[in-house]
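What's counted below: heavy atoms across the whole structure, side chains too, no hydrogens, waters or symmetry copies.
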Amino acid sequence: MKLIDGKIVAEAKKKVLAAAVMAMIDEGKPAPHLVAVIVGDDPASLTYVKSKEKTAHSVGMTSSTYRYPSTIRESELLQVIDFLNKDEEVDGYIVQLPLPEHLSSTRIIERINPAKDVDGFHPTNTGRMVQNLPCYLPATPYGIMQLLEYYHIETDGKHCVVLGRSQIVGTPMALLLSRKAKPGNCTVTICHSQTKNLAEITRTADILVAAIGKAEFVTADMVKEGAVVIDVGIHRIGSKEEGTQRIIGDVKFDEVSKKASWITPVPGGVGPMTIISLLTNTLKAARKEIYT
Ligand code: GUN
């Protein structure tokens, strides 16, 4: 088994990003500016946003966080979006999901200017991705594609099974892997909560992407010998107070790693690459590479 080490790849990509930011500053341009909008105080969301901010700063980007209480009205949040769309000092921004129940993430995301939608969640970016036009790719699938590319993992003609059909991971992941591209050219199956004989299908996967949101769901009996296993899950278990807290994925690493040819650990696999992809999109936004 070989480890797909997201931390090593992220460090390498950070150097490239930092050099690109430096070059912009040398040209007299401002550093790319990313804003994260966060509503409420979900601890996981706060951790993600802090981590995005820290990594943005580490490559020389400007990063701000706009925090609002979970009681904010949708009309007020839409005003924030309108403001960010107009603010010329902001190159790209994200609205951290999930949002509280009373807010429609669909309406909020539709209001984002696609040129500043560095999460790649706006329907315009999704549509452009489907049509293979320049767009911002959603960060997690984009990060996974970069991992496959970095480690020269063969994808041509492989059967890839994606567990999960979310807008954020499963659906775009399946699309990117099926594209006529390198990495790409996979035959893709999407499995979800209604899939029958799930383990039978996963056992046929040359590449298995687990984005199902269930801790240690994928066990060794569900995996083919020699498969490439990508784990998108992030689950906190144990107690912070007792010092027993740790993070696990959607894959039972100890047993699955014995069968896999390549596998991403959790933490330190897909996670670090997700932030790198977001920052890559922010750099593209600042350079006006996608929407001129
Ligand atoms: N929540 C979980 N993942 C993401 C992400 O990539 N972007 C945003 N905005 N929210 C998330």
K.L.:
If only atom types and distance count, is the side chain of Arg128 paired as donor or acceptor with the main-chain N or O of Pro134 below 3.5 Å?
P.N.:
yes
K.L.:
Are the side chains of Glu216 and Asp250 in contact, using a 4.5 Å heavy-atom criterion?
P.N.:
no
K.L.:
Does atom CG of Asp26 have more than 12 heavy-atom neighbours from other groups under 6.0 Å away?
P.N.:
yes
K.L.:
Heavy-atom distance under 4.5 Å between the side chains of Tyr136 and Lys284, does that happen here?
P.N.:
yes
K.L.:
What's the shortest heavy-atom distance between Pro32 and Val21, and which atoms?
P.N.:
CD-CG1, 3.9 Å
K.L.:
Test side chain to side chain contact (heavy atoms under 4.5 Å, CB included) on Gln194 and Arg165; report intermediate values, then the result.
P.N.:
CA-CA 11 Å; Gln194 301 297 307; Arg165 57 180 160 185; 4.3 Å; yes
K.L.:
Below 4.5 Å, heavy atoms only, C-beta onward: do Lys259 and Lys224 meet side chain to side chain?
P.N.:
no
K.L.:
Will you find, in the side chains of His122 and Asn113, an N or O donor that is under 3.5 Å from an N or O acceptor?
P.N.:
no
K.L.:
Looking at Ala10 and Met273, what are the two nearest heavy atoms and their distance?
P.N.:
N-SD, 3.7 Å
K.L.:
Has the side chain of Glu88 got a donor or acceptor atom that lies under 3.5 Å from a matching backbone atom of Val90?
P.N.:
no
K.L.:
From the options Asn85, Asp117, Asp119, Val118, select the one residue that forms a side-chain contact (heavy atoms from CB on, under 4.5 Å) with Tyr93.
P.N.:
Asn85
K.L.:
Measure across Ser64 and His33 and return the closest heavy-atom pair with its distance rounded to 0.1 Å.
P.N.:
OG-NE2, 2.5 Å
K.L.:
Answer yes or no: is there a side-chain heavy-atom contact under 4.5 Å between Ser70 and Asp41?
P.N.:
no
K.L.:
Does any part of the side chain of Val169, heavy atoms only, come nearer than 4.5 Å to the side chain of Pro138, both counted from C-beta?
P.N.:
no
K.L.:
Locate the shortest heavy-atom distance separating Ile201 from Val161; write the atom from each residue and the value.
P.N.:
O-CG2, 3.8 Å
K.L.:
If we ignore hydrogens and angles and just use 3.5 Å, is the side chain of Asp91 paired with the main-chain N or O of Thr282 as donor and acceptor?
P.N.:
no
K.L.:
So, Arg246 side chain and Arg236 main chain: donor-acceptor pair closer than 3.5 Å or not?
P.N.:
no
K.L.:
Main chain of Glu200, side chain of Asn197: is a donor-acceptor contact present, judged purely on distance under 3.5 Å?
P.N.:
no
K.L.:
Please confirm whether the backbone N or O of Ala220 pairs with a side-chain atom of Glu255, one donor and one acceptor, at under 3.5 Å?
P.N.:
yes
K.L.:
Is there a donor-acceptor pair under 3.5 Å between the side chain of Thr155 and the backbone N or O of Gly184?
P.N.:
yes
K.L.:
Report yes or no: does Asp206 contribute a side-chain atom to a donor-acceptor pair with the main-chain N or O of Lys158 at less than 3.5 Å?
P.N.:
no
K.L.:
Are the side chains of Ser63 and Lys52 in contact, using a 4.5 Å heavy-atom criterion?
P.N.:
no
K.L.:
Within the side chain of Thr55, is there an N or O that forms a donor-acceptor pair under 3.5 Å with the backbone of Ser51?
P.N.:
yes
K.L.:
Give every donor-acceptor pair under 3.5 Å between a side-chain atom in residues 11-19 and any protein atom, sequence neighbours left out.
P.N.:
residue: Glu11; atom: OE2; partner: Lys14; partner atom: NZ; Å: 3.0

K.L.:
Judged by atom type as modelled, is there a donor-acceptor pair below 3.5 Å linking the side chain of Thr244 to the main-chain atoms of Ser239?
P.N.:
yes
K.L.:
What I'd like to find out is whether the side chain of Val95 reaches to under 4.5 Å of the side chain of Phe121, using heavy atoms alone.
P.N.:
no
K.L.:
Can you name the nearest heavy-atom pair linking Ile108 to Glu74, along with the distance?
P.N.:
CD1-CG, 3.9 Å
K.L.:
Should Ile212 and Val218 count as side-chain neighbours, where that means a heavy-atom distance under 4.5 Å?
P.N.:
no
K.L.:
Determine the minimum heavy-atom distance between Leu137 and Arg179, stating which atoms define it.
P.N.:
CD2-NH2, 4.5 Å
